[in-house]
Amino acid sequence: MTDIIKASLPGLPRRHAAERRFQLYGKLAITLALGFLVVMIGMIGVSSIGAFTQTQIALSINFDADSLDPDGTLDPATLAQANYGSLVKAALREAFPQVKGRRDMRKLYGLVSSDAEFTLQNKVAENPALVGTTGKFWFVASDDVDQLAKGNIDASLPETSRRISDKELGWVEQLRTSGDVQRVANVSFFTSGDSREPELAGILSAVVGSALSLLVCFVLSFPIGIMAAIYLEEFAPRGRWSDLIEININNLAAVPSIVFGLLGLAILLNTFGLPRSTPLVGGMVLALMTLPTIIIASRASLRAVPPSIREAALAVGASEVQTAFHHVAPLALPGMLTGAIVGMARALGDTAPLLMIGMVAFIVDIPASILEPATALPVQVFLWADSPERAFLEKTSAAIMVLLLFLVLMNLAAVLLRKKYERRF
Amino acid sequence: MDQEHIVKSFDQDLNQIESLIIEMGGLVEAQITDAATALKRRDVELGGKVISGDKRIDALESDIDQAVVRILAQRQPMAQDLRAVVVAPKIASNLERIGDYAKNIAKRTSVLAKTEPIGSSAGTIKRMCALVQDMVKDVLNAYVSRNAETADDVRMRDEEVDQMHNTLFRELLTYMMEDPRAISPCMHLLFIAKNVERMGDHTTSIAEQVHYMVSGEIFDEERPKSDTTSTTFIEPDAAE
Amino acid sequence: MSAYALQEADTEVMAAAKPETEPLIAARNVNVFYGDKQALFDICLDVPEKQVTSLIGPSGCGKTTFLRCLNRMNDLIDICRVTGDITIGGKNIYDPDVDVVALRAQVGMVFQKPNPFPKSIFENVAYGLRINGLVDSKGELKDAVERALTQAGLIDEVHDRLEAPGTSLSGGQQQRLCIARAIAVEPKVILMDEPCSALDPIATARIEELIDSLREKFTIIIVTHSMQQAARVSQQTAFFHLGYLVEYGATDTIFTAPSDERTESYITGRIG
Ligand SMILES: Nc1ncnc2c1ncn2[C@@H]1O[C@H](COP(=O)(O)OP(=O)(O)OP(=O)(O)O)[C@@H](O)[C@H]1O
Ligand SMILES: [Mg+2]
């Protein structure tokens with residue numbers, strides 16, 4: 001009896017071996033892909049860590065009432081006009097009395113970021129009572145000091161091959177020993193716009209620019225996309241015309257995104273004269289790019305709705321429009337949304353079309369509406385990657401991490417949406 | 001229709017019923033002949049054989065009933081199959097009745113063997129039996145060959161049996177009037193004649209079943225009947 | 001057998017089995033084509049009112065095709081073409097002035113696989129009532145839904161969970177829900193395409209019982225592959241074979257003594 005099961009079929013070991021081999025190949029491929037992903041994201045992640053902290057230097061500031069507020073009125077207008085830069089310089093001179101000579105002086109002043117005077121100005125504006133007092137305040141260090149503090153500058157190299165001189169090294173060392181150097185979380189990276197100074201550059205303007213562009217993109221492409229899909233799938237007569245349209249939509253989905261950028265440049269900017277570099281135009285171009293994806297995904301999810309649902313609706317006397325909008329479209333909606341999110345995730349990561357319509361400008365201000373010039377996350381990455389300063393390297397990586405985070409979030413949303421509304425019919 | 005069912009075992013089931021009926025029919029035919037022969041030859045031993053042979057017929061009838069119930073439950077037959085299955089127990093029950101009558105004839109044979117033969121009545125009964133046996137044979141042929149015409153023909157032939165029964169009835173009445181001592185054997189003979197006449201009736205009933213099975217039509221016209229014994233009256237003086 | 005001989009047979013059958021009352025549905029010389037392929041040939045059939053008519057025949061013989069002609073569901077298939085006349089209550093439903101939506105509200109359909117909307121039980125039944133404007137108020141709607149569910153014999157099982165999704169019911173309950181949905185809009189005719197093919201015997205029995213009770217109000221045409229079911233629920237039976245209507249008549253006669261040899265072969269299980 002046992003023989004019945006034990007008797008091996010001819011070729012059975014070979015079949016099992018083939019199966020094992022195939023599984024092995026599969027696992028290898030996945031390991032390889034995951035490995036690359038981990039290495040890549042890991043590298044970017046590691047190099048981005050620095051961007052999330054910043055170095056600060058403490059200086060003791062004497063708010064000299066004579067220079068700040070000669071009239072003694074504490075009038076905000078006067079206070080705003082005052083020269084806070086000289087206060088910072090005076091504090092530095094005081095901290096390092098040994099420094100002489102114009103060149104060394106300038107180097108000394110360069111220890112803190114050019115932002116320092118604005119920090120003081122804000123503090124005084126907030127609290128005019130500071131005038132006439134003396135106090136210790138923390139200032140953002142310059143990018144070179146920052147890099148040094150983060151260990152990105154090797155002090156053992158000969159002086160000529162590093163960005164920071166022996167003197168500066170000594171000053172920083174002095175500050176450090178007196179406890180006047182600290183590393184804190186870099187909040188301003190998320191709350192400020194771009195800057196020429198790496199230590200001050202933030203991504204908020206790019207994030208807002210991207211968000212506004214995507215909003216425009218979604219508002220335009222989603223309704224148009226699903227309407228087109230519903231029409232094509234549920235109403236359009238099948239024939240040569242619908243075949244032609246189908247082929248063209250598929251082709252459009254494969255068109256390189258820069259072509260849409262060129263289209264935007266030629267038509268939206270040149271013909272219609274819409275404002276350059278704005279999320280409005282960027283969103284419109286991205287919408288053009290996303291539309292085919294949304295249409296294709298929506299049609300696929302409409303097609304996945306079983307015909308029995310349509311028949312059920314028609315058989316109780318629903319018209320075709322009622323059938324499509326009461327029954328078919330709601331069932332296909334999760335699929336359509338998923339398609340839209342995936343399409344928009346692609347749009348979020350795309351740079352080329354935005355370059356063409358001028359969203360590549362240096363934008364410091366955070367755009368308040370879709371009609372103000374803005375940049376976008378991937379463009380910001382592109383811009384920073386292009387900058388020579390050592391400190392922009394970590395900013396670039398950090399911006400990439402933020403971009404990836406948003407992409408992951410969007411894809412996660414797509415998955416959750418599908419999970420939540422997936423219906424068994 | 002000689003086409004086979006898609007389910008082969010359904011054909012086997014139907015064939016099983018058919019062969020059971022044929023077997024039963026064959027036995028019944030033999031019982032009729034044997035009972036008539038025993039009566040004619042006053043052969044009590046043969047009569048005993050007929051009596052014991054009836055058991056097998058009864059057993060066959062219950063076999064057929066069971067087979068039919070099983071087919072109805074398993075196959076839910078339709079149309080001609082349904083008709084074939086439904087008529088089978090009826091035919092079997094008719095055959096069983098015929099078998100019972102043959103057995104009854106055989107029982108009476110042992111009594112009659114002890115008395116003087118009454119005229120040529122035993123011969124007449126034998127001829128009646130031969131007729132009925134022939135009818136049974138033909139109706140079974142009609143059943144097997146699905147031939148409604150043969151069945152109709154058998155149905156009409158019962159008239160002949162009735163007429164012979166009438167004649168015998170009159171004859172036996174006359175004997176009884178002539179000689180009161182003949183009453184006992186004559187009564188037995190009368191019952192036997194009646195039995196044979198009933199056999200004929202059952203055979204016609206089978207013929208009707210066969211007709212329905214083949215054509216799907218139920219006979220509604222009356223069969224010509226010639227059994228007048230129920231109204232026969234013989235004046236006592238007419239015999240003298 | 002030649003097509004000519006078959007047509008001969010058809011007309012003969014028709015003449016024999018014409019119901020005494022004026023038929024509600026009358027099909028005359030209906031031909032249906034799928035592209036170049038002809039699926040139905042010269043179908044002539046009279047369906048009496050308030051009776052159950054069953055369509056039987058081997059797979060692919062055109063039963064569903066014929067059924068779908070009666071509420072013009074075939075319009076949805078691009079390659080499908082119908083010729084001939086089908087009148088319902090004296091009106092040719094293929095006339096250009098007939099509105100299919102209105103037609104379908106009068107000729108309901110129940111499908112082979114239960115296909116409730118993925119909405120609540122209540123909403124499933126209410127939908128048809130609402131879109132056809134058959135109710136004026138919420139209360140009226142609720143009454144109508146409950147009436148339909150009662151007629152469909154489902155109310156006892158679902159009265160306490162009308163808001164549960166229709167798809168959460170068992171297959172048999174779903175099918176009765178679909179029947180409730182169809183009868184809610186009070187059509188004249190209900191078409192059923194193998195309504196019990198996915199159900200167990202008990203659920204099937206429930207539906208058969210339901211069909212029997214619906215006969216009082218509706219004219220029902222049912223496609224079934226179960227001869228026993230056709231025999232049980234219908235008064236008239238039509239046997240289709242290879243696109244032809246071979247035999248049509250009283251159910252009792254068809255299943256005990258059919259007149260056509262092909263019907264005989266089919267119902268006794270000799271041809272498929
Ligand atoms: N949409 C269609 N396109 C092309 N041919 C079709 C289509 N629908 C049905 N047919 C053809 O029409 C013929 C009849 O089909 P129909 O569905 O009416 O058969 P049926 O009797 O309902 O069969 P079943 O019992 O299997 O449901 C078949 O030969 C089938 O191939
Ligand atoms: Mg079908």
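By convention in this document, chain letters (A, B, ...) are assigned in the order of the sequence lines, proteins followed by strands, and residues within each chain are numbered from 1.
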(request) Taking the side chain as every heavy atom from C-beta outward, state whether A:S319 and C:V100 have any pair of such atoms under 4.5 Å apart. (result) no
(message) For the backbone of A:S308 and the side chain of C:N115, can you confirm whether one donor and one acceptor N or O come within less than 3.5 Å of each other?
(response) yes
(message) Side chains of A:L331 and C:P118, heavy atoms from C-beta outward: is any pair under 4.5 Å?
(response) yes
(request) Go through the atoms of C:L76 and report whether side chain, backbone, both or neither lie under 4.5 Å from a heavy atom of chain A. (result) side chain
(message) With a 6.0 Å cut-off (strictly less than), is the heavy-atom count around NZ of C:K142, excluding the residue itself, greater than 12?
(response) no
(request) With sequence neighbours excluded, give me every side-chain hydrogen bond (donor to acceptor under 3.5 Å, both in side chains) pair touching residues 331-344 of chain A. (result) none
(request) Check whether C:R130 gets within reach of chain A through its side chain, its backbone, both or neither, counting any heavy atom under 4.5 Å. (result) neither
(request) Using non-hydrogen atoms and a 4.5 Å limit, figure out which bit of C:V107 sits close to chain A: side chain, backbone, both or neither. (result) backbone
(message) With a sphere of 6.0 Å drawn around CZ of A:F235, does it hold more than 12 non-hydrogen atoms of other residues, nucleotides or ligands?
(response) yes
(request) Taking the six-membered ring for Trp and the single ring otherwise, decide whether the centroids of A:H326 and C:F117 are under 6.0 Å apart. (result) no
(message) More than 12 heavy atoms of other residues, nucleotides or ligands under 6.0 Å from CG of C:D97: yes or no?
(response) yes
(request) Output yes when a side-chain donor or acceptor of C:N132 lies under 3.5 Å from a complementary backbone atom of A:V316, and no otherwise. (result) yes
(message) Less than 4.5 Å to any heavy atom of chain A: does that hold for the side chain of C:M73, its backbone, both, or neither?
(response) side chain
(message) Rounded to the nearest 0.5 Å, what separates atom OG1 in A:T323 from atom CD1 in C:I131?
(response) 7.0 Å
(message) Quick check for you: to the nearest 0.5 Å, what is the distance between A:R238 atom CZ and C:D78 atom CG?
(response) 7.0 Å
(message) I'd like to verify something: which residue of A:P237, A:P307, A:A318 has the highest number of heavy-atom pairs under 4.5 Å with chain C?
(response) A:A318
(request) Look at atom CD of A:E320 and say whether more than 12 heavy atoms of other residues, nucleotides or ligands are closer to it than 6.0 Å. (result) no
(message) If you count heavy atoms of other groups shown closer than 6.0 angstrom to CZ of A:F406, is the number above 12?
(response) no
(request) Using a strict cut-off of less than 4.0 Å between a Lys/Arg side-chain nitrogen and an Asp/Glu carboxylate oxygen, indicate whether A:E311 and C:R104 qualify as a salt bridge. (result) no
